[in-house]
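Following: one structure in structure tokens, then a few remarks.
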Amino acid sequence: MKGQRVLRLGVLGSGRGSNLGAIVRAIEEGRLPATLAVVLSDQPEAPILALGQKSGARTEAIVPSAPRGRLAAATEQQFVDILREEKVDLVVLAGFMRIVGPAFLAAYPRRIINVHPSLLPKHRGSNAAAQALAAGDRVTGCTVHYVDEGVDTGEIIAQREVPVMPGDTAETLQARIQTAEHELLPAVIATFAARE
Ligand code: GRF
């Protein structure tokens with residue numbers, strides 16, 4: 001990968017971490033010139049932390065006082081401090097169930113991306129696959145976008161379509177969307193590396 005700098009990634013998640021798994025596979029297979037520097041979570045028991053640890057990254061749980069929603073300024077600063085300590089170039093939100101506030105956004109301008117399981121601007125927020133089914137969509141998909149102060153409102157970077165099949169449940173549809181996410185997210189991160 002001549003001419004490409006190895007991007008240092010900070011991944012934030014609250015859950016399973018299958019997208020982190022896809023990033024790690026892409027790095028291991030040489031498709032993504034990046035290093036997984038740190039994995040951070042607001043949930044100490046989240047499998048994404050164990051996966052990060054297994055992959056050799058620094059892992060930390062920073063548990064906010066409020067159960068969900070926004071992060072307090074001091075908590076947000078803890079996230080930013082660790083990302084800076086680890087010299088992170090790109091912050092990837094992969095199932096991080098918190099709203100990122102102004103101080104965090106200012107620390108990483110156009111350097112925080114999120115993956116969302118719908119074709120934004122349709123079906124923002126949680127349960128996007130169920131929202132697509134309820135709307136009677138024949139096609140849905142996934143989006144990687146820049147993070148701004150809203151919920152799933154930032155500028156779209158890339159999308160991939162996924163068909164809705166007869167008999168789909170929210171679970172079967174979400175699983176099909178995730179397969180697409182696992183291709184799209186590492187590919188988008190690779191474009192950041194190529195730009196360095
Ligand atoms: C993904 O579907 C992503 O689009 C959404 O949260 C889910 C995280 O899944 N923001 P995982 O933890 O990467 O498996």
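Note that the numbering runs from 1 along the sequence shown for the chain. Atoms within each ligand, like the ligands themselves, are counted from 1 in listed order. These numbers were taken from a predicted model, which means no experiment stands behind them.
Near His116, meaning under 4.0 Å from any of its heavy atoms, are these atoms of ligand 1: 4 (O). Per-residue contacts place Gly95 under 4.0 angstrom from the following atoms of ligand 1 (heavy atoms of the residue considered): 6 (O), 8 (C), 10 (N). Close approach of ligand 1 to Glu181 (heavy-atom distance below 4.0 Å) involves ligand atoms 1 (C), 2 (O), 3 (C), 4 (O). Within ligand 1, the atoms closer than 4.0 Å to a non-hydrogen atom of Gln174 are 2 (O), numbered from 1 in the order shown.
More than 12 heavy-atom neighbours from other residues, nucleotides or ligands sit within 6.0 angstrom of CD on Glu29. Within 6.0 Å of CG in Asn127 there are 12 or fewer heavy atoms belonging to other residues, nucleotides or ligands.
Among protein heavy atoms, atom 14 (O) of ligand 1 sits closest to Ser18 OG, 2.5 Å. Residue, atom and distance of the protein heavy atom nearest to atom 7 (C) of ligand 1 are Gln178 NE2, 3.7 Å.
Considering backbone and side-chain atoms together, Val115 places an N or O closer than 3.5 Å to an N or O of ligand 1. The shortest N/O to N/O separation between Asn114 and ligand 1 does not fall below 3.5 Å. Inclusion of Gly17 in the set of residues having an N or O under 3.5 Å from an N or O of ligand 1 is warranted.
Heavy atoms of Arg16 found under 4.0 angstrom from ligand 1 belong to the backbone as well as the side chain.
Figure legend: cation-pi geometry between Arg195 and Phe192, with NZ or CZ positioned under 6.0 Å from the six-membered ring centre and within 45° of its axis.
No donor-acceptor pair under 3.5 Å is formed between the side chain of Gln43 and the backbone N or O of Ala61.
Of the inter-residue distances, the one linking Ile27 atom CD1 with Leu7 atom CG reads 9.5 Å to the nearest 0.5 angstrom. Atoms OG1 and CD, on Thr143 and Glu181 in that order, are 9.0 Å from each other to the nearest 0.5 Å.
Between Val100 and the choices Leu71, Asn114, Val147, the side-chain contact (heavy atoms from CB on, under 4.5 Å) rule is met once, by Val147.
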